[in-house]
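A short worksheet on the structure shown next.
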Amino acid sequence: MLIVMNPHVNEREVEVVCRRIREAGLTPHPIPGTTRVAIGVTGNTAPVDPEPFRELPGVVDVIRVTRPYKLTSREMRPDDTIIEVGGVRIGAERPVVIAGPCSVESYEQTVETALRVRSLGAHLLRGGAFKPRSSPYSFQGLGVRGLEILAEARAVTGLPLVTEAVGTEVFDRVEQTADVVQIGARSMQNFPLLKRAGASRRPVLLKRMMSATLEEFLLAAEYIMAEGNHNVILCERGIRTFGEHSRYTLDINIIPELKRVSHLPVFVDPSHAAGRRQNVIPLARAALAAGADGLLVEVHPAPDQALSDGMQSLTLDAFEELMSDLPRWTPSARPAEVHVP
Ligand code: PEP
Ligand code: MN
């Protein structure tokens with residue numbers, strides 16, 4: 001349920017409504033907006049009677065939210081969510097590029113990549129310190145040393161960091177260093193991890209599980225938001241289909257669909273979808289043309305020697321090629337309004 005307040009409402013009136021929601025055993029979520037103040041209501045298992053809320057001072061309307069996901073939906077918040085990280089505005093007019101190696105391997109590899117991607121226009125640095133690998137025998141990441149190297153790369157370049165927390169046991173340590181905490185595709189339904197991310201003050205980049213429907217993806221984001229963290233970035237990274245010509249199938253369809261039903265920023269990771277370097281740039285361009293708010297791209301100074309995902313990592317020269325004509329692939333006029341049926 002969504003309680004829409006008069007645009008000139010004062011803090012006391014909002015607090016009175018929030019108190020009444022809590023008294024009913026429900027959870028209030030004040031939602032700031034440019035055109036209206038609203039309070040989302042969650043926690044009900046059956047429809048809530050809207051009438052007692054309609055009479056409270058400052059309330060102009062009470063709307064039932066029909067979708068199973070609530071806080072992530074545009075019904076709750078018509079305005080796009082914009083997330084600021086180290087001066088970078090994510091989900092705003094210009095696409096944001098997060099670039100860097102799949103894994104942090106050494107100080108030299110990380111700092112060299114960070115300096116180059118920054119000079120080519122990347123906004124944030126990615127790099128895994130804790131890696132979710134399909135095989136227990138594959139490189140698992142440098143762990144805490146990897147986080148220290150990332151912090152050193154940030155000190156040298158000023159680039160904010162995106163790095164993954166693979167479980168609740170490492171979350172505290174990861175959020176000490178990360179500017180954005182990544183939750184990987186395989187963890188998208190690790191509900192304790194989602195709840196822990198919801199209690200964090202760091203923005204979260206949530207990757208879509210390779211078998212998740214749009215609804216399951218948004219419900220995973222809902223877990224994070226329901227705990228109070230509203231800074232969630234959705235990231236499509238390819239789904240599993242019968243196609244064998246690529247590692248995964250990039251679901252371009254989900255980009256406009258997510259933008260339509262949700263206010264959260266939508267990123268695309270063309271690297272994991274393609275699995276092969278030569279297809280990463282075309283997929284990145286397609287993602288931007290379809291309305292993605294940004295890209296998450298793997299870049300390595302010597303991909304043939306990479307300890308993970310070298311086949312899909314762009315060389316520094318290829319990353320330069322991608323960055324050289326990004327604006328060409330970005331729709332100049334975004335639709336001003338998204339119609340919600
Ligand atoms: C990654 O970003 O390196 C990664 C492991 O991604 P995903 O969780 O999408 O497989
Ligand atoms: Mn990877």
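Keep in mind that what you see is a predicted model, and the values were worked out from it rather than measured. Counting convention: from 1, in listed order, for ligands and their atoms alike.
- The backbone N or O of Phe139 sits less than 3.5 Å from a side-chain atom of Arg133, completing a donor-acceptor pair.
- Within a 6.0 Å radius of CZ in Arg20, no more than 12 heavy atoms belonging to other residues, nucleotides or ligands are found.
- Between Asp79 and Arg74 no salt bridge is recorded (no basic side-chain N to carboxylate O distance below 4.0 Å).
- Of the protein's non-hydrogen atoms, the one nearest atom 7 (P) of ligand 1 is Lys207 NZ, 3.5 Å.
- If you number the atoms of ligand 1 from 1 as listed, the ones under 4.0 Å from a heavy atom of Gly184 come out as 8 (O).
- Side-chain contact between Arg277 and Leu314 is present, with heavy atoms from C-beta onward closer than 4.5 Å.
- Taking 4.0 Å as the cut-off, Glu298 counts as a neighbour of ligand 1 on heavy-atom distance.
- Remark: the His272 side chain and the Glu298 side chain contain an N/O donor-acceptor pair separated by less than 3.5 Å.
- Nearest protein heavy-atom neighbour of atom 9 (O) of ligand 1: Arg237 NE, 2.7 Å.
- Although no hydrogens or angles enter the test, the distance criterion places a donor-acceptor pair under 3.5 Å between the side chain of Asn229 and the main chain of Ala197.
- Closest protein heavy atom to atom 8 (O) of ligand 1: Ala185 N, 2.8 Å.
- Between the side chain of Glu164 and the backbone N or O of Gly128 there is no donor-acceptor pair closer than 3.5 Å.
- Atom CD of Glu51 sits in a crowded spot, with more than 12 heavy atoms from other residues, nucleotides or ligands closer than 6.0 Å.
- Nearest protein neighbour of atom 2 (O) of ligand 1, counting heavy atoms only, is Arg126 NH1, 2.8 Å.
- Remark: minimum distance from atom 4 (C) of ligand 1 to any protein heavy atom is reached at His272 NE2, 3.4 Å.
- Contact detail for His123 and Leu159: the closest heavy-atom pair is O-CD2, 3.5 Å.
- If you number the atoms of ligand 1 from 1 as listed, the ones under 4.0 Å from a heavy atom of Cys102 come out as 3 (O).
- Any protein N/O/S atom under 2.8 Å from the Mn ion (ligand 2) was counted, giving 4 altogether.
- Within 6.0 Å of the CE atom in Met311, the count of heavy atoms belonging to other residues, nucleotides or ligands does not exceed 12.
- Taking every heavy atom of Arg186 and a limit of under 4.0 angstrom, the matching atoms of ligand 1 come to 7 (P), 8 (O), 10 (O).
- Scanning both residues, Ala92 and Asp293, for their nearest heavy atoms gives O-OD1, 4.4 Å.
- Contact annotation: Gln182 has at least one heavy atom less than 4.0 Å from an atom of ligand 1.
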